[in-house]
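What's counted below: heavy atoms across the whole structure, side chains too, no hydrogens, waters or symmetry copies. What you see is a predicted model, and the numbers here were worked out from it, not measured in a lab. To find a chain, count down the sequence lines: A is the first, B the second, and so on, and within it residues start at 1.
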2 protein chains.
Amino acid sequence: MSQMLQIHDQLREMILSLDLGPGERLTERWLESRFEGSRTPIRAALVRLEGEELVRRDGRNWIVAPIDLGELEALAEFRIPLETTAVRLACARASAADIAGVEEMLDACQSGAPREEWHRVGTDFHVEIARLSGNPFIVKAIAGAMTRLSRARWLEVWTEPSREQAWREHRRILGFIKANDPDSAAREAAAHITETRDRLLHSLNEDRRGLRARGFAVIGLR
Amino acid sequence: MSQMLQIHDQLREMILSLDLGPGERLTERWLESRFEGSRTPIRAALVRLEGEELVRRDGRNWIVAPIDLGELEALAEFRIPLETTAVRLACARASAADIAGVEEMLDACQSGAPREEWHRVGTDFHVEIARLSGNPFIVKAIAGAMTRLSRARWLEVWTEPSREQAWREHRRILGFIKANDPDSAAREAAAHITETRDRLLHSLNEDRRGLRARGFAVIGLR
DNA sequence: AATCCCATTTTGGGATACCAGGATTGTGCC
DNA sequence: GGCACAATCCTGGTATCCCAAAATGGGATT
């Protein structure tokens, strides 16, 4: 594997895990020493991450992409038509084995699982459902949306009951796909997205001060 | 403007205009002499274009992204939920001035206009409609989809009557938005996407041989 | 104490040097 | 003529240089 891809993946992980704060400045020279590579592969990784909008230019500088919590509504608005379409297509196209695969993934995440596990499964579920649609464009769009959502979901928002609730909703959606009931699956998917967004916004509103301190842009958050 | 962005834009244009054939190999050294810059900015441009999927790795080499005509169905499937959502949101949110702007764009493209003009307006219309939705994620997704579609649309497919037909359909969609009739607008938008896809597929089926010669992947085209 | 100014440092953008690996070509043997 | 093999060339990957511009910092001036 090329050095550039290694650096890309590591940096990506550091950003998504909030190891690097949103808005934080990245200098090529610092990354150079941090990853023990020359600037060439680092620059390639940065350009690539810029394409994923995980890193951005600020004048001549590189910064970790800030999080704009105002995007949360637009993101839900974007996901609803796509994910409802995805579950409908999944009903028509997914094999029993494909569905069982997703089911296993959900089962693997029990109550005692670590926070990171819930976070990952909560993201992957939506991507895997999109994959059941058989449409690669839907998959990529959903994957991108979940990436953008990823960091916001780290906030202490995901309390135990909140996780359980999301897990139940995922189960319901998958159940309707399994039962080949596209209308119900679509309805549940839309409701899940809306409710998740509301849970997130509600929790965030209780902690604006703390958010700002962590580099989150609260502007536009109603 | 940085040299990298210039090279990026020029190369992008050459690819989208089919000046560089789909599947054609690109060597960094050839680009170096072609654009009179060193490999550093060229490399950055390539990495960026790779993110837009206009360029791709083939083993260790760079190639212009081939066109997979089998994607046409998936692309329509992807666009329909997004664009119907977009026109509905446009009905609710777009100002009269915004709508007038799009109308002007359509008007500017008369019968006698050059081929390139029709091509550009046909693409931009959909992006501009998406913009009226006010949702940046929808805009980006549609813009990306239209980019992927862009090269296929250059094929001799767009005969005079075909262009006129598309133009009329665009007009109808915009008319319904203007009349604030979201259901009709959504219905027309979906129909337009389906019909455009069918027109394209129909024309392509008549000329498979010619397509292969031009580097189009006919695999998966029914 | 605040502010202006200039020397110094640091930064990213670009050019170039070097390398390893893969393709290609040429060659000599059968 | 055909095939095995070696020398060669060319490629992208990486490291390093150089440069101009922007940031920095500290001291003189008010």
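- Counting only heavy atoms from C-beta outward, the side chains of B/His202 and B/Arg199 never approach each other to under 4.5 Å.
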Worked check of salt bridge (Lys or Arg N to Asp or Glu O under 4.0 Å) between B/Glu53 and A/Lys140: CA-CA 12 Å; B/Glu53 295 184 85; A/Lys140 196 170 318 167; 2.7 Å; yes
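- Taking the ring axis of A/Trp62 as reference, the NZ or CZ atom of A/Arg56 does not stay both within 45° of it and closer than 6.0 Å to the ring centre.
- Side chain of A/Glu24 to backbone of A/Gly21: a donor-acceptor contact under 3.5 angstrom is found.
- A donor-acceptor pair is defined here as one N or O able to donate and one able to accept, closer than 3.5 Å; no such pair exists between the side chain of B/Asp98 and the backbone of B/Leu132.
- Along DNA chain C, read 5' to 3', the first and last nucleotides having any atom under 4.0 Å from a heavy atom of chain A are C/dT11 to C/dG14.
- Ring geometry, A/His126 versus A/His192: the interplanar angle falls under 30°, so the pair is classed parallel (tilted spans 30 to 60°).
- A/Arg93 has a carboxylate O that lies under 4.0 Å from a charged side-chain N of B/Glu77, or vice versa, which qualifies the two as a salt bridge.
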B/S/- contact track for nucleotides 9-19 of chain D, protein heavy atom under 4.0 Å: --BBBBBBB--
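- Salt bridge status for B/Arg43 with B/Glu28: present, with a side-chain N to carboxylate O gap under 4.0 Å.
- Taking a 4.0 Å limit (strictly below) on heavy-atom distances, residues 44-55 of chain B does not reach DNA chain C anywhere.
- Considering B/Val64, B/Leu46, B/Leu20, B/Thr147 in turn, B/Thr147 is the only one that fulfils the side chain to side chain contact (heavy atoms under 4.5 Å, CB included) rule with B/Leu54.
- Taking the side chain as every heavy atom from C-beta outward, A/Leu204 and A/Leu69 approach each other to under 4.5 Å.
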